There are 2 protein chains.
Amino acid sequence: MGFKKRRVKLEDIARRLNISIATVSRALDENPRVKKSTQEKVFKMAKVMGYMPNQIAKSLSSGKTNIIGVLIPRYDEPFFIEVCRGIDQYARNHNYKILISSSRNSYKFEKENLISFEKGLVDGIILSPTHETENVAHLNDLINKGMPIVLFDNIREEVSGADHVIINDEKASFEAVEFLIKKGNKKIAFIGGIKQKKVFQDRYKGYISALAHHNIPLYDELVLHCNSLDREFEDKEILNFFRGLNISPDAVFACTDNYGLLTMKTLLKIGKKIPDEVAVIGFGDLGPGEIFVPTLTCVSQPSFEMGQKAAELLIKQLNESEDIDHIKTIIKLETKLTEREST
Amino acid sequence: MGFKKRRVKLEDIARRLNISIATVSRALDENPRVKKSTQEKVFKMAKVMGYMPNQIAKSLSSGKTNIIGVLIPRYDEPFFIEVCRGIDQYARNHNYKILISSSRNSYKFEKENLISFEKGLVDGIILSPTHETENVAHLNDLINKGMPIVLFDNIREEVSGADHVIINDEKASFEAVEFLIKKGNKKIAFIGGIKQKKVFQDRYKGYISALAHHNIPLYDELVLHCNSLDREFEDKEILNFFRGLNISPDAVFACTDNYGLLTMKTLLKIGKKIPDEVAVIGFGDLGPGEIFVPTLTCVSQPSFEMGQKAAELLIKQLNESEDIDHIKTIIKLETKLTEREST
DNA sequence: CTGTTAGCGCATTCAT
DNA sequence: ATGAATGCGCTAACAG
């Protein structure tokens, strides 16, 4: 499509060679049932005539598009881009393309996008639910209609019938905070994201339990749940938070790399030395943390691998027999703490 | 597709209502030629039965997919992601979806991806050529076959028949360097990217001519063309560059934000004060520069807008009559210098 | 080994 | 206002 001029099709080749369309189709498919010499003739003619198969017609006929739909909450979050890269790599190696859409942090758009996927453009879907996504009826609907789905990252409610790729956010946070505690810190601040988001809830739990486990007091004042969905405001939110504190933290556990960086920036601005006066840990490990001065210690999340695994699970589903019920798989990937200069 | 279970189709609705497929089709299209009451019956039944149109069948029949193919050199470059966001926004508002692929900085993959687009999945293509793309025969081929194409960013050779969205790299660089000169700097270093890339060539030209125009000597030693395509190595390349210098620069013009940040990091590491001892300017203005301490002065490139404009031009082409020759459009967007703490 | 035929699901032209 | 028939380009079942 998108071709204003008439395209060469199987029929044209068939007519020129005085053979049937079916034979041409088979020949191009390298079907062993067609004579070698015919196959060669066909290939040569196809090349001469500049034949290019019509993917749409193929899809309609075969019932599959070889496209994976990917739905992420936003583009401007390196984590999601990394996951997409992982998906893309695996998909490409298995003859699939990916169609990425953004739900722009909105449940409404998430549903809209899924409907658009449901129209048959994609063979399956990889999805990271938005923070607004409270129930999963829309996903169950799709699954019941036979659409293979893999979820990753922010799964508030398990969806039976969909595979999941996740990390143990609570454990990762626990370890990060424990690391700070073992370094001798006692007034540890927490910078989280929107409360509705499962991953942030879990990271908060990990923080709480690490403190409790080590008998370190929890100061409500030292806890911030950023509400901004916008880069611009996060900045101010964090600055105001630190400016308003009565207790001076000796360490900060931030729930994303970006929060970690903004924290460092703010601390430097108000004259703190990192890590001497305040240690900082981020979450993600997505590049920028390595450039900052000082470099940011953080929980390394295997983003790229999450994508690969998600794609692997989805493609496995796509190859499953139609009438066997899918057995749900949950892959939990390991995180690790990457120590750099900020601690 | 991707639906293992049987889907409801027009025929099913038709049968249930004892009317023809054509009428159902027209009704759902809100064609005024069908009786209001019939239309309502059809809509109701479609809803009850959970009808979802098959996009593939529609595309085959209509000859258009309403998908725009986007081909960028790499995903992990915020600039390209910003452009994609811009494309996506405009496209979405005009009922198009986008299919993003990466050529991974390779001419070979660029061609492969274009072939995959040519198979009819997309109505048109927005492309940023790789640094390896020396000639544009493959693009001319596609255009001759009737595929609408819009190029952006790195256009080494003009392609007649394709629209272009660019900035004036040379002018932007000239102004940035001139800015440094007017601040009194005389030993200005240049950190560029791979020499084969047109945008870097142009930014180098701007640098050269600003120096010449103001009678500032050009020290070859102060010029670095980074060869790394990999984030990991850029770091070392820049560190080694500054460590090896005999002349101590009082300013640095970096061709990307990332180079600018790495430059600042390196300078801080070797004990320089920014901007007092060395001023630094980056190019792009894509976020991280605002977080770093000090924040990075840079040439602001309208990335998002580039995407919007590219999509606008493409969709305009898609709506052009088939037999009128396309008149090539070149949109040159304005850049501006955003002054921050590093200068 | 090759040809004929019948779909895939929808849009559309031509009748009525 | 509605229906019947044809085509979009390709695949696959069946026949020979």
Side-chain angles (χ1 to χ4, degrees), chain A residues 1-42 45-46 49-66 118-121 123 145-146 322, chain B residues 1-43 45-46 49-66 118-121 123 145-146:
Chain A
M1 331 276 121
F3 286 91
K4 301 176 180 176
K5 306 192 178 160
R6 191 179 172 295
R7 298 180 60 175
V8 177
K9 49 188 179 178
L10 292 185
E11 194 190 338
D12 300 318
I13 300 180
R15 193 163 18 220
R16 282 279 284 272
L17 293 176
N18 256 313
I19 56 180
S20 75
I21 299 181
T23 302
V24 177
S25 172
R26 283 193 282 254
L28 291 175
D29 235 40
E30 303 189 62
N31 186 320
R33 279 170 41 193
V34 19
K35 216 199 304 176
K36 257 278 170 270
S37 65
T38 320
Q39 199 198 83
E40 281 163 19
K41 265 195 319 191
V42 170
M45 184 58 78
M49 300 179 72
Y51 172 74
M52 197 58 74
N54 181 323
Q55 187 58 47
I56 299 296
K58 265 187 159 152
S59 293
L60 182 61
S61 179
S62 69
K64 59 194 306 263
T65 62
N66 275 48
E118 192 187 343
K119 291 190 207 280
L121 203 63
D123 291 339
K145 289 185 179 168
E322 346 225 325
Chain B
M1 328 276 135
F3 286 91
K4 301 176 180 175
K5 305 187 180 163
R6 193 179 170 293
R7 298 178 62 174
V8 177
K9 48 188 178 181
L10 294 186
E11 192 190 338
D12 301 316
I13 301 179
R15 196 165 14 221
R16 281 279 283 273
L17 293 174
N18 257 314
I19 55 179
S20 74
I21 299 181
T23 302
V24 178
S25 172
R26 282 192 281 254
L28 291 174
D29 237 38
E30 304 189 61
N31 186 320
R33 281 171 36 194
V34 16
K35 218 197 305 175
K36 260 276 171 267
S37 65
T38 324
Q39 200 198 78
E40 281 162 19
K41 267 195 316 189
V42 170
F43 266 97
M45 183 56 80
M49 299 179 71
Y51 172 74
M52 197 57 75
N54 181 325
Q55 188 56 49
I56 299 295
K58 271 189 154 149
S59 293
L60 183 61
S61 179
S62 70
K64 58 193 307 259
T65 63
N66 275 48
E118 191 186 344
K119 292 190 207 278
L121 203 63
D123 291 341
K145 289 184 180 170

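The chains referred to below are lettered A, B, ... by the order of the sequence lines, with proteins before strands, and numbering in each begins at 1. The figures that follow rest on heavy atoms only: side chains count, while hydrogens, waters and symmetry mates do not. Quantities reported herein were computed from a predicted structural model and do not represent experimental measurements.
Close to dT2(C), at under 4.0 Å from its OP1 or OP2, lies a side-chain N or O of K35(A). An OP1 or OP2 oxygen of dT2(D) is reached within less than 4.0 angstrom by no side-chain nitrogen or oxygen of S20(B). Phosphate contact (OP1/OP2 of dC10(D), side-chain N/O of S61(A), threshold under 4.0 Å): absent. Applying the 4.0 Å criterion to OP1 and OP2 of dG9(D), one finds that Y51(A) has every side-chain N and O outside that range. OP1 or OP2 of dG3(C) lies within a sub-4.0 Å distance of a side-chain N or O belonging to T23(A). Put simply, T38(B) has a side-chain N or O that comes within less than 4.0 Å of OP1 or OP2 on dT2(D). Between S62(A) and the phosphate of dC8(C), there is no side-chain N or O to OP1/OP2 separation shorter than 4.0 Å.
Of the listed residues (L121(A), D123(A), T65(A)), just one forms a side-chain contact (heavy atoms from CB on, under 4.5 Å) with S59(A), and that residue is T65(A).
Note on I21(B): nothing from the nucleic acid sits closer than 4.0 angstrom, heavy atoms only. Note on N18(B): only backbone sugar-phosphate atoms sit closer than 4.0 angstrom, heavy atoms only; bases stay farther off.
The distance from atom OG of S61(B) to atom CG of N54(B), rounded to the nearest 0.5 Å, is 11.0 Å.
The base of dT11(D) does not come close enough to the side chain of R33(A) for any donor and acceptor atom to sit less than 3.5 Å apart.
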